[in-house]
Amino acid sequence: MVLGSKVSRIPCLSHFGVVHQTNTMATLSDSLSVHSPSIAEPERHRNGTHFLISLRNLCRSGKVKNLDEALDLFQGLARMKPLPSVKDFTLLVGVVVRMKHYTTAISLVKHMDSSLGIEPDTITLNIVINCLCRLKFIAFGFSVFGNMFKLGLEPTHMTLTTLINGLCVQGNVAQALELAYHVENMGYPLDVYTYGVLINGLCKMGDTSAALGWLRKIEQRNWKPNVVVYSTIVDGFCKDGLVCEAFNLWLEMRAKGVLPNLVTYTCLIQGLCNFGRWKEAGSLVNEMMKIGMMPDLQTLNILVDAFCKEGKIMQAKSVIGFMTLTGKGPDVFTYNSFIHIYCLQNKMNEAMKVFHLMISRGCLPDIVVFTSLIYGWFKDKNINKAMHLLDEMGKMGLLPDVVTWTTLIGGLCQAGRPLAAKELFFNMHKYGQFPNLQTCAVILDGLCKGHLLSEALSLVEMMEKSNLDLNIVIYSILLDGMCGAGKLNAAWELFSSLPAKGLQINVYTYTIMIKGLCKQGLLDKAEDLLMNMEENGCLPNNCTYNVFVQGLLTKKEIARSIKYLTIMMDKGFSVDAATTEMIINYLSTNAGDTKIREFLFQKR
DNA sequence: TTAGGGTTAG
C-alpha cells in the first residue's frame with residue numbers, strides 16, 4: 001500500500017469506515033507545520049533532554065491525563081531536533097492505547113513513519129497489531145505481522161500473544177488455541193501471559209472448566225500464575241453462577257501467595273450480588289476497605305446495579321451517597337441502573353426524571369441509556385414516546401446499534417405489529433447493523449405470538465441455511481409457537497431431534513413441551529416428560545410445576561393436582577397467580593369438593 | 001482481569 005513515496009507498514013482502515021484517524025492526522029499535521037520558536041542550539045538540547053525525561057516519567061507513571069495531553073506531548077516530540085528515538089514515540093503511543101484510543105494510536109504510528117521518517121520497531125508494530133485486533137480488524141493484524149518479516153523485524157512471543165488475543169477477542173478461541181500450539185511447535189516459547197490470554201478467551205466463551213485446565217497446565221510447567229489469571233477464572237466461575245468454585249479458587253490463590261486485587265474482589269462481589277448473597281458481598285466490601293483497598297467507581301456501580309435489580313432502591317441511593325462523599329461518580333452507568341429498573345417496573349415518569357437529572361448534572365446519556373428508555377416506553381405501550389427518543393438520540397449523533405434495533409423490533413411485536421417488525425428486521429442491514437441470534441429470537445417470538453407460524457417456520461429455515469449457529473433459545477421459541485398453533489406432532493418431532501443437532505435441552509424447552517402436551521390433554525405424556533427431565537439432569541423449576549398443575553386443573557384432575565402442589569411446597573416453590581386463579585375458579589364452581597379445601601387449609 | 005441496554009416457559 002503506497003502512502004506518499006514511502007511504503008506504509010500500516011494497512012489502510014478507511015475501507016472499513018474508520019475515518020476518525022484522518023481527522024486526527026489533519027489536526028496533527030496542521031499543528032506540526034507550525035515552526036517551533038528559535039532557541040540557541042545548546043539551550044534547545046538542554047530543554048530537549050529535560051522534556052524527554054519528564055515525558056518518560058509521565059508515560060511510565062500513568063500521569064498523562066487525557067488524549068489531548070498525549071497529543072500535545074506527541075507534537076512536542078515531533079518538534080525536537082534531532083528527533084527522539086522510536087522508543088520514546090512508542091512509549092507515548094502505548095499511553096494512547098491504554099486510553100483505548102486505538103484508531104488514534106494507529107494514526108500516530110502512521111504519522112511517525114510516513115511524515116517524520118521514524119521507522120517503527122517490533123514493539124511499535126506489536127502495539128499496532130494490538131490496536132487492529134481490538135478494533136476487530138484481525139486480518140490487518142496478521143498482515144502487519146507478515147510485513148514485519150519483510151522489514152527484517154523479528155516478531156517476539158508478545159507479537160504472537162497479541163495475535164492469539166486478537167483471535168480470542170473475535171470469539172475465535174479454537175483458532176487461537178491452534179495458533180498457540182503451532183507457535184510453540186515453531187520454537188517460540190509461550191509464557192504465563194499467552195496462557196492468560198487463552199484462559200480469558202475460554203472464560204469469555206463460557207468454558208470456565210477448560211480455562212481452569214489451562215491454569216493447571218501453567219502450574220505443571222512450574223510457572224507461577226499471576227493475579228490476572230486467577231481473577232479471570234474467578235470472574236468466569238461467578239458469571240457461570242458457580243460462586244462456591246470461585247471462592248475455592250480465591251482461597252487457593254491466597255494460599256499460594258497470590259494476593260487478590262481490586263478486580264478479584266470486584267468479580268466476587270458481583271458474583272455474590274447476582275445471587276442475592278448480600279451479606280457475604282457486604283463482608284467482602286468491608287474486608288477490602290479494612291486492608292486499605294477502596295472500591296472504585298466500577299465496583300460501586302456494580303453494587304448500585306445489583307441493588308436496583310433487587311428493587312432495593314434505598315440501598316442503591318445510599319451507595320450514591322458514598323460516591324458523592326468520596327468524589328467518585330455517579331456516572332452514566334450509575335444513572336442507567338436506575339433508569340433501567342424504572343423502565344422494567346413501568347415507572348416511566350421516574351425513569352424520565354433520572355434521565356433529565358443526569359443531563360442537568362452534565363452527564364450525557366449514551367446509547368445504552370436511550371435504548372433502556374425506548375424499551376421502557378414500548379413496554380408502556382407508548383410507541384410515540386419511544387420514537388421521539390429515537391429521534392433525540394439521532395440528534396445527539398448516536399446511531400442505533402444492534403441492541404437498539406432488537407429493542408425496536410421487539411417493541412413493534414409487543415405492540416401487535418409483527419409484520420412491521422419483520423420489515424425492520426430485514427432492513428436493518430441498510431443502516432449498517434446486522435441481526436444477531438438475539439435479534440432473530442425476538443422477531444421469531446413476535447411472529448409466533450402474532451399467529452404467523454408459517455412466517456416463523458420459513459425464517460428458521462432461512463436461518464438454518466445461513467451460517468448462524470442456532471441455539472436452544474431459537475428452537476424453544478419455535479416449539480412454543482408450534483404448540484400454540486396446535487402442531488403438537490411436528491413440535492414433538494422437532495423436540496426429539498434437538499439432541500442430534502448438538503443442542504442441550506433446558507428447563508425452558510421442557511416446560512414449553514409440557515405445556516404443549518397439557519394443552520392437548522396428554523397429561524400422562526406430560527407427566528412422563530416431567531419425570532424424564534429429572535433423569536436427564538435438568539431440574540424442573542417453579543414455572544414447570546405451575547404449568548403442569550395448570551394442565552391438571554384444566555382437566556379437573558384434582559387428586560393429581562394436590563399431589564404436585566404438595567411436591568411444589570416441599571421443594572419450596574410458590575404457586576403463581578395463574579395457578580391460584582384456576583384453583584379459586586375451581587372452588588367457586590365446585591364448592592362441594594372437600595379434598596382441595598382440606599389441602600389449602602391444612603396446617604403446615 | 002472487573003460495571004449498565006435487547007431473547008424463550010408461569
Side-chain angles (χ1 to χ4, degrees), chain A residues 196-197 199-200 203-204 226-236 238-239 260-271 273 295-306 308-309 331-341 343-344 366-376 378 400-411 413 435-446 448-449 471-481 483 506-516 540-550 573-580:
Chain A
V197 158
I199 284 171
N200 185 35
C203 285
K204 292 291 170 297
N226 56 30
V227 64
V228 175
V229 168
Y230 279 113
S231 304
T232 308
I233 306 178
V234 164
D235 187 51
C238 286
K239 297 228 158 66
N261 63 12
L262 180 59
V263 176
T264 335
Y265 273 100
T266 302
C267 295
L268 264 178
I269 289 167
Q270 190 179 31
C273 284
D296 64 3
L297 185 53
Q298 192 162 333
T299 318
L300 295 174
N301 275 337
I302 287 168
L303 291 173
V304 169
D305 195 53
C308 282
K309 285 192 174 127
D331 67 357
V332 64
F333 280 83
T334 330
Y335 289 117
N336 186 60
S337 294
F338 284 91
I339 289 176
H340 183 225
I341 192 64
C343 288
L344 285 180
D366 63 6
I367 193 166
V368 176
V369 170
F370 275 108
T371 307
S372 298
L373 286 168
I374 290 170
Y375 175 83
F378 268 123
D401 66 4
V402 64
V403 180
T404 323
W405 278 99
T406 308
T407 306
L408 293 171
I409 291 166
C413 290
N436 59 21
L437 259 194
Q438 208 159 325
T439 324
C440 294
V442 168
I443 186 63
L444 192 64
D445 193 47
C448 287
K449 294 217 165 66
N471 61 15
I472 191 67
V473 176
I474 296 285
Y475 285 107
S476 300
I477 292 169
L478 186 61
L479 284 173
D480 195 36
C483 291
N506 65 22
V507 64
Y508 281 87
T509 332
Y510 276 114
T511 308
I512 285 164
M513 286 313 296
I514 288 170
K515 186 180 74 169
N541 63 15
N542 200 34
C543 189
T544 323
Y545 282 109
N546 274 292
V547 161
F548 184 53
V549 171
Q550 283 166 33
F573 291 133
S574 54
V575 179
D576 69 15
T579 313
T580 310

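The structure presented is a predicted model; accordingly, all values stated were derived computationally and were not measured. Proteins get letters first, then strands, A, B, ... in listed order; numbering begins at 1 in each.
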Heavy atoms only, 4.0 Å cut-off, all strands: where does [X] land among base, sugar-phosphate and nothing?
X: A:Val473; result: base
X: A:Ile367; result: base
X: A:Val304; result: nothing
X: A:Tyr375; result: sugar-phosphate
X: A:Asp366; result: base
X: A:Asn336; result: base
X: A:Thr299; result: nothing
X: A:Thr439; result: base
X: A:Asp235; result: sugar-phosphate
X: A:Val229; result: nothing
X: A:Thr407; result: sugar-phosphate
X: A:Asn436; result: base
X: A:Thr266; result: base

### Message
Tell me every residue that passes side chain to side chain contact (heavy atoms under 4.5 Å, CB included) with A:Val442, counting only those two or more places apart in sequence or in another chain.
### Response
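Scan of A:Val442 (side chain to side chain contact (heavy atoms under 4.5 Å, CB included), adjacent residues dropped) gives A:Thr406, A:Ile409.
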With [X], which residues qualify under ring-ring contact (aromatic ring centres under 6.0 Å, His included), at least two apart?
X: A:Tyr230; value: none
X: A:Tyr545; value: A:Phe573
X: A:Tyr265; value: A:Trp250

### Task
Could I get the full list of salt bridge (charged side-chain N to carboxylate O under 4.0 Å, His left out) partners for A:Lys204, not counting sequence neighbours?
none
### Task
Of all the heavy-atom pairs spanning A:Ile341 and A:Lys309, show the shortest one and how long it is.
CD1-CA, 4.1 Å
### Task
Kindly say whether A:Phe333 contributes a backbone atom to a donor-acceptor pair with the side chain of A:Asn301 at under 3.5 angstrom?
no
### Query
When you list every nucleotide of DNA chain B with an atom under 4.0 Å from a heavy atom of chain A, which one comes first 5' to 3', and which comes last?
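Listed 5' to 3', the contact boundaries are B:dT1 to B:dG10.
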